[in-house]
Colleague: 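One structure coming up, written as structure tokens, with questions to follow.
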Amino acid sequence: QVQLVESGGGLVQAGGSLRLSCAASGRTFSIYTMGWFRQAPGKEREFVTSISGSGGTTYYADSVKGRFTISRDNAKNTVYLRMDSLKPEDTAVYYCAASVWGPPISKVQDYHYWGQGTQVTVSS
């Protein structure tokens, strides 16, 4: 079992930056592919980015490529999402997720553990 707790969300103006963190429990964090998803009101949960267990492979949705950066610190059991040049359309609840499968994986059903989510609101 893996428990995930996100933090770092908040309100930011368009063009600003935020860094989300996701702390994981357990001693085997490095075996999990970690992903970030987001869900805006009235919309389905969508893939944002993922990172392999070693941190050597990353994938991004086209909508965030070049603006968001995923990273992980396996010694701290934490994955991060750095978000720059934020846009109002980035407003959503952001979820951290863990999967026992290797990347590339971008479907909700491929992830086995989920955090509770953190709200990100970008004002125009």
Side-chain angles (χ1 to χ4, degrees):
Q1 284 283 352
V2 177
Q3 292 185 328
L4 305 172
V5 179
E6 302 98 333
S7 61
L11 173 64
V12 64
Q13 288 188 334
S17 298
L18 279 176
R19 189 180 81 157
L20 306 183
S21 299
C22 172
S25 65
R27 296 177 292 177
T28 57
F29 177 69
S30 63
I31 72 171
Y32 294 100
T33 295
M34 299 300 296
W36 287 95
F37 288 74
R38 66 186 182 186
Q39 188 166 18
K43 295 187 176 182
E44 293 186 351
R45 193 168 299 189
E46 65 174 2
F47 171 79
V48 175
T49 180
S50 66
I51 187 168
S52 61
S54 67
T57 303
T58 58
Y59 293 92
Y60 296 91
D62 288 342
S63 59
V64 306
K65 201 171 293 183
R67 299 188 299 122
F68 289 12
T69 304
I70 190 171
S71 62
R72 66 191 296 161
D73 184 339
N74 287 340
K76 295 183 178 179
N77 280 16
T78 302
V79 62
Y80 304 98
L81 180 62
R82 171 74 181 187
M83 305 184 293
D84 296 316
S85 303
L86 282 161
K87 304 175 182 179
E89 51 263 45
D90 294 318
T91 295
V93 177
Y94 282 71
Y95 296 90
C96 171
S99 175
V100 301
W101 308 122
I105 45 173
S106 60
K107 297 180 180 179
V108 169
Q109 58 263 39
D110 289 334
Y111 285 80
H112 305 90
Y113 306 101
W114 292 85
Q116 82 289 349
T118 185
Q119 177 71 47
V120 171
T121 303
V122 184
S123 62
S124 57

Colleague: With side-chain contact (heavy atoms from CB on, under 4.5 Å) as the criterion, how do T49 and K65 come out once you've worked through the C-alpha distance, each side chain's angles and the decisive distance to 0.1 Å?
Modeller: CA-CA 9 Å; T49 180; K65 201 171 293 183; over 6 Å; no
Colleague: For a side-chain contact (heavy atoms from CB on, under 4.5 Å) check, start with the C-alpha distance between L18 and L86, then their side-chain angles and the critical distance, and finish with the verdict.
Modeller: CA-CA 8 Å; L18 279 176; L86 282 161; 4.2 Å; yes
Colleague: For A61, is there any backbone N or O sitting under 3.5 Å from a side-chain donor or acceptor partner on S63?
Modeller: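 The answer is no, because no donor-acceptor pair under 3.5 Å joins these two groups.
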Colleague: Quick one: is the NZ or CZ of R72 closer than 6.0 Å to the six-membered ring centre of F29, and within 45° of its axis?
Modeller: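 Yes, R72 and F29 form such a contact.
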Colleague: Closest heavy-atom contact between G115 and Y95?
Modeller: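 Looks like O-CD2, 3.6 Å.
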Colleague: Which atom names give the shortest non-hydrogen contact between L4 and A98, and what distance separates them?
Modeller: CD1-N, 3.8 Å
Colleague: Where do A40 and A92 come nearest, in terms of heavy atoms and distance?
Modeller: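 Residues A40 and A92, closest heavy atoms: N-CB, 3.8 Å.
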Colleague: Quick one: does T69's side chain get under 4.5 Å of Y80's, heavy atoms only?
Modeller: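 Counting from C-beta outward, T69 and Y80 never come under 4.5 Å.
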Colleague: So, applying side-chain contact (heavy atoms from CB on, under 4.5 Å) with I70, which one of L20, T58, V64 is it?
Modeller: T58
Colleague: Angle between ring planes, F68 versus Y94, binned at 30° and 60°: parallel, tilted or perpendicular?
Modeller: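 Taking Y94 first and then F68, their aromatic rings sit tilted (interplane angle of 30° to 60°).
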Colleague: Can you tell if the side chain of Y59 reaches within under 4.5 Å of the side chain of I105, non-hydrogen atoms only?
Modeller: no
Colleague: Is there side-chain contact between V122 and V120, with at least one heavy-atom pair below 4.5 Å?
Modeller: yes
Colleague: Would a hydrophobic clustering, with Ile, Leu, Val, Met, Phe, Trp and Tyr connected at side-chain separations under 4.5 Å, put F47 with Y32?
Modeller: yes
Colleague: Please name all residues satisfying side-chain contact (heavy atoms from CB on, under 4.5 Å) with S123, sequence neighbours left out, ordered by chain then number.
Modeller: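 Only L11, Q13 meet the side-chain contact (heavy atoms from CB on, under 4.5 Å) criterion with S123.
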Colleague: Strictly distance-based, threshold 3.5 Å: is any side-chain N or O of S99 a donor or acceptor partner for the main-chain N or O of H112?
Modeller: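 No; judged by distance alone, with no hydrogens or angles, the pair does not exist.
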Colleague: So which atom in N74 and which in S30 form the shortest heavy-atom distance, rounded to 0.1 Å?
Modeller: ND2-CB, 3.4 Å
Colleague: Should the pair D90-K87 be classified as a salt bridge under the 4.0 Å nitrogen-to-oxygen rule?
Modeller: no
Colleague: Taking atom CH2 of W36 and atom CG of L81, what is their separation to the nearest 0.5 Å?
Modeller: 6.0 Å
Colleague: Not counting sequence neighbours, which residues clear side-chain contact (heavy atoms from CB on, under 4.5 Å) with V108? List them please.
Modeller: F37, R45, W114
Colleague: Does the side-chain contact (heavy atoms from CB on, under 4.5 Å) test come out yes or no for T57 and I51, once each step is laid out?
Modeller: CA-CA 6 Å; T57 303; I51 187 168; over 6 Å; no
Colleague: Does E6 reach the main-chain N or O of C96 with its side chain, forming a donor-acceptor pair under 3.5 Å?
Modeller: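 Side chain of E6 to backbone of C96: a pair is present.
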Colleague: Under the side chain to side chain donor-acceptor pair (under 3.5 Å) rule, collect the residues that match up with R19, sequence neighbours excluded.
Modeller: none
Colleague: For T33 and S50, which heavy atoms make the closest approach, and how far apart are they?
Modeller: CG2-CB, 4.4 Å
Colleague: Identify the two heavy atoms, one from V5 and one from Q116, that lie closest to each other, and give their separation to 0.1 Å.
Modeller: CA-OE1, 3.8 Å
Colleague: Quick one: pull up CZ in R38 and CD in E89 and give me the separation to the nearest 0.5 Å.
Modeller: 8.0 Å
Colleague: Is V12 close to T121 at the side-chain level, that is, under 4.5 Å between some pair of heavy atoms?
Modeller: no
Colleague: For S17, which of R67, R82, M83 qualifies under side-chain contact (heavy atoms from CB on, under 4.5 Å)?
Modeller: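 Passing option: R82.
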